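Below: the structure, in structure tokens.
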Amino acid sequence: MGVDKGACESKGCCWGPLEQGSAEPWCFKKNAKLPTCNLGGSVGLPFDDAAMAKIRGYFEANIDVQGSGAVVAAPDHNTGPGGDYYYHWMRDGALSMGVFLVTKGMPAADGKMRSYVRWVQKVQNQQDPNGIDVRTEPKFTIPDGRPYTGGWCRPQTDGPALRALTLAMYAAQLGDEAYAKSQVAPLIKRDLDWVRDNWRQQSCDLWEEIRADGIFWNRMSFRAALKKGGALLAKLGLDTSGYDEAFGEVTASLKDFTQGDFVIEAPNRPIDTASPHAMNTMYLDDGVLGPLSLELAKTVRQLTKSFCREYAINQQNAGGQTGVWFGRYPGDHYHGGNPWILLTAAVAESLYRVAGALHSAEMPADVRAVWEEVLGASMGSSSDAQRQAFVGAGDAQLRLIRDATKQQDYHMWEQVERGSGTQVSAHDLTWSYANVLKAMHVRAAVTSDAAAIYV
Ligand code: NOJ
Ligand code: NOJ
């Protein structure tokens, strides 16, 4: 830290970028022999029923807070450098309610989904105090639902799409068509109209740190929301003009992110675990950047390599079949720059999804070659053996999380410290629980004999 080119080279070290495509140069020791990490692992249930019940309990305690429909990012007023997390972030809220819907199922999820609908009705339809469109506000106070007025990275344009996506999945499962049409559809439409008209607008990234004209996470959210939301509105007989065109343009624009050796999140933030997270959460089951794509395999390869170098804890484990911790991006400094639980779980979900896709399709040989490198083992050509390899790899990821959290009775925070694996930052982060529950949900589907059904 703090070294410059001259000082670095005068120590006999090398000055250069950490990775192809990353902007900031680092100072390296010569001939450093860094261990390599792999994602292989053996199949073994990461969380038993008792652990799952606890995790679900902590998760549900953070939604529909005070009956307001809000999702608290974490019920933690003092997370340290991150400050107060007792707010409804539109992103955490929409993603978490999506996971709640999918993992709880209808009609069990209905009451809390209705409460979330009332929340969105309130926050989406009000004057904005910060001089932007209220639909692109990142966070709101609880329980009154007013936009936060302190300094913050605004706008964040994934909000309208993520809300519309969750509400569209909900409305599609509602038996009560009158309610879907009168209460839910107008909210979806209001958000999708924003996406249709403004998707090229510059935004802060999901980590609320950089601005870019094009961000992969956001583009994937636009695409999924326009497709699923548009289909739902059309079914209810509402106007969707311009949605198909916008969907086509957004889809074509993905090539700006996929042409290198891995899928970049943004030109100024190439290596980022947001990329595979987006490929899970926003996948449309249409073969575009799907679980058997070369793009996913290469992106996970790049991230595995980057985070292997980045965190001492991964180097201690290197070579073992013990999983790899993932963070937001190499060079992150937030709260010390650590692995994140929600992202390590998102990679587990990616691996389970590969296993699921192998139920009905073969993995192309070039894709398999990349995954064998990432998993550190040859998997053979039988699809059963391949499926086992990916389930085992996902399990190893989730077992890292289990082992880091079991001492706190599976309470999950935002991060684990990069050297020791001790939990740090926001306590009881809702999004951490959401991604663990979601990964376990996908695991259950792909390991059952029944056809895999998950979204
Ligand atoms: C708070 C944001 O939520 C977080 O993503 C960011 O890293 C820190 N501020 C530092 O900018
Ligand atoms: C910081 C993260 O960077 C951001 O993505 C998230 O929305 C907030 N924390 C709240 O959890």
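Atoms within each ligand, like the ligands themselves, are counted from 1 in listed order. These numbers come from a predicted model, not from an experiment.
Of all protein heavy atoms, the one closest to atom 7 (O) of ligand 1 is Glu209 OE2, 2.4 Å. Looking only at protein heavy atoms, the nearest one to atom 9 (N) of ligand 1 is Tyr334 CE1, 4.4 Å. Trp340 CH2, 3.8 Å is the protein heavy atom nearest to atom 2 (C) of ligand 2. Closest to atom 5 (O) of ligand 2 among all protein heavy atoms lies Leu206 O, 2.7 Å. When hydrogens are left out, the protein atom nearest atom 4 (C) of ligand 1 is Trp207 O, 3.6 Å; that is the closest non-hydrogen contact.
Near Arg328, with a cut-off below 4.0 Å to any heavy atom, the atoms of ligand 1 are 4 (C), 5 (O), 7 (O).
Figure legend: cation-pi geometry between Arg269 and Tyr329, with NZ or CZ positioned under 6.0 Å from the six-membered ring centre and within 45° of its axis. Under a cutoff of 6.0 Å and an axis angle of 45°, Arg114 and Tyr179 form a cation-pi pair. With Tyr410 as the aromatic partner, Lys54 does not meet the cation-pi criteria of under 6.0 angstrom to the ring centre and within 45 degrees of the ring axis.
Remark: the Thr299 side chain and the Glu295 side chain contain no N/O donor-acceptor pair separated by less than 3.5 Å.
Here Arg301 pairs with Asp261 in a salt bridge; the nearest charged N to carboxylate O distance falls below 4.0 Å.
Residue Arg91 holds its CZ atom at 7.5 Å from CH2 of Trp207, rounded to the nearest 0.5 Å.
Between Asp92 and ligand 2, at least one N/O pair is under 3.5 Å apart. Residue Leu429 has no nitrogen or oxygen atom sitting less than 3.5 Å from a nitrogen or oxygen atom of ligand 2, judged on distance alone. Ligand 2 has no nitrogen or oxygen under 3.5 angstrom from a nitrogen or oxygen of Glu208. At under 3.5 Å, not a single nitrogen or oxygen of Trp431, backbone or side chain, sits near a nitrogen or oxygen of ligand 2.
Residue contacts with ligand 2 include Tyr85, since one of its heavy atoms falls under 4.0 Å from the ligand.
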So Asn338 and Tyr311, side-chain hydrogen bond (donor to acceptor under 3.5 Å, both in side chains) or not? Walk me through it. CA-CA 7 Å; Asn338 296 301; Tyr311 304 133; over 6 Å; no
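Under the 2.5 Å SG-SG cutoff, Cys37 and Cys308 qualify as a close cysteine pair.
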